[in-house]
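Here the structure is a predicted model, which is why all the values come from computation and not from measurement.
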Amino acid sequence: MIEVAFTDVSLSLGDAADDAVRADALAQVARETGAAPVLMHQVHGADVESVESVESVGRARSCDALVSSQPEVALLARAADCVPVLLADPVTGWIAAVHSGRPGLAGGVVPAAVAALRERGGDPTVAWIGPHVCGSCYEVPADLQGQVAAVVPEARSTTSWGTPGLDLGAGVRAQLAAAGIDDVRTVDACTREDASWPSYRRDGDAATRFAGVIWSHR
């Protein structure tokens, strides 16, 4: 059985968090899921790493997507405006957690994770998109908007105050559709507008990180 969850502002899971605070948050994730949590050192790229065993969960991974077929392993994608994306193949048990920010969207980290699952024998049919900054709140310079929209046209947006923006969620949904994943379940919340979620755009360096979590049981 595959399960998913999204933590909120009550847990501090960021790299900048005090070690003890982050350890306590991970311990709570482990208690709630009954699985060993795996964090990424997220670098805003498109690299995918595989978690091969429960014994390997403590190894640091610099990447923006994790895949696994191992039960009792919880994959975490952290965010504070970026898009946490969770993927699952309920038939084979393959799962993925993906961190898709602006560079990751343009670099194709979500399609890379889908491809990695399929290369390993999985076929993700379900995706979850977690809270993220909405297209009405994510202002970017016009040239940067153009660079991203040249790769993912669906990401182009206009902010509520009339300036160039990006809709990362719309871009991710377009990439999932292009990959043939039609069952997409979205948490409809803008991190900048809703204080229940950490937001770098709202809080700057004081922002913590929440996580999308996906795991399976035997």
Side-chain angles (χ1 to χ4, degrees), residues 1-7 13 26 29-30 32-79 82-132 152 168-169 171-187 209-218:
M1 180 175 64
I2 294 173
E3 299 187 69
V4 303
F6 292 94
T7 68
L13 288 161
L26 288 172
V29 171
E32 295 292 335
T33 63
V38 187
L39 288 178
M40 296 178 274
H41 174 56
Q42 297 167 180
V43 294
H44 289 279
D47 288 341
V48 182
E49 289 274 347
S50 181
V51 180
E52 304 292 345
S53 66
V54 174
E55 289 73 20
S56 71
V57 298
R59 182 172 65 82
R61 295 166 173 83
S62 292
C63 60
D64 286 273
L66 292 170
V67 300
S68 185
S69 63
Q70 298 299 309
E72 319 307 333
V73 167
L75 307 181
L76 277 68
R78 294 176 291 171
C82 296
V83 188
V85 184
L86 308 175
L87 305 170
D89 177 355
V91 175
T92 65
W94 276 98
I95 57 175
V98 188
H99 163 253
S100 182
R102 174 186 51 76
L105 177 68
V109 66
V110 168
V114 173
L117 289 171
R118 289 173 175 162
E119 288 166 3
R120 290 164 171 79
D123 184 18
T125 57
V126 188
W128 292 262
I129 295 177
H132 55 275
V152 189
L168 302 180
V172 167
R173 288 190 294 273
Q175 290 178 330
L176 291 170
I181 301 175
D182 299 320
D183 186 352
V184 180
R185 307 169 190 187
T186 302
V187 179
R209 299 293 185 272
F210 75 99
V213 189
I214 186 166
W215 70 101
S216 66
H217 296 295
R218 295 184 188 277

Please find the pair of heavy atoms, one from [X] and one from [Y], that lie closest to each other, and give the distance.
{"X": "G101", "Y": "H44", "result": "CA-ND1, 4.4 Å"}
{"X": "P84", "Y": "G212", "result": "CB-N, 4.2 Å"}
{"X": "P131", "Y": "F6", "result": "CD-CD2, 4.1 Å"}
{"X": "I95", "Y": "I214", "result": "CD1-O, 3.7 Å"}
{"X": "M40", "Y": "A77", "result": "CE-CA, 3.9 Å"}
{"X": "L66", "Y": "L76", "result": "CD1-O, 4.4 Å"}

Quick check on side chain to side chain contact (heavy atoms under 4.5 Å, CB included): which of V4, L75, V213, I2 does L86 satisfy it with?
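Filter result, single survivor: V4.
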
In a check of side chain to side chain contact (heavy atoms under 4.5 Å, CB included) between I181 and each of T125, L87, V110, which one passes?
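The option that passes is L87.
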
Decide yes or no for V73 and V38: does some side-chain heavy atom of the first lie under 4.5 Å from some side-chain heavy atom of the second?
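Side chain of V73 against side chain of V38, heavy atoms only: contact under 4.5 Å found.
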
With side chains defined as the heavy atoms from C-beta onward, is the minimum distance between E3 and T33 less than 4.5 Å?
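In short, these two side chains do not touch, never coming nearer than 4.5 Å.
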
Could you grab the distance from atom [atom1] of [X] to atom [atom2] of [Y], nearest 0.5 Å is fine?
{"X": "E119", "Y": "W94", "atom1": "CD", "atom2": "CH2", "result": "10.5 Å"}
{"X": "R78", "Y": "L39", "atom1": "CZ", "atom2": "CG", "result": "4.5 Å"}
{"X": "S69", "Y": "R120", "atom1": "OG", "atom2": "CZ", "result": "9.5 Å"}
{"X": "H41", "Y": "R61", "atom1": "NE2", "atom2": "CZ", "result": "14.0 Å"}
{"X": "H99", "Y": "D64", "atom1": "NE2", "atom2": "CG", "result": "6.0 Å"}

From CA spacing to verdict: side chain to side chain contact (heavy atoms under 4.5 Å, CB included), V172, L105:
CA-CA 7 Å; V172 167; L105 177 68; 4.1 Å; yes

Using modelled atom types and a 3.5 Å cut-off, is there a donor and acceptor pairing between side-chain atoms of D183 and backbone atoms of V126?
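The answer is no, because no donor-acceptor pair under 3.5 Å joins these two groups.
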
Using a 3.5 Å distance criterion without hydrogens, assess whether the side chain of T186 forms a donor-acceptor pair with backbone atoms of I129.
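Not at all, since once roles are kept as given, no pair shorter than 3.5 Å links the two residues.
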
Cut-off 3.5 Å, side chains only: do Q70 and S68 have a donor facing an acceptor?
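Per modelled atom types, Q70 and S68 side chains form no pair under 3.5 Å.
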
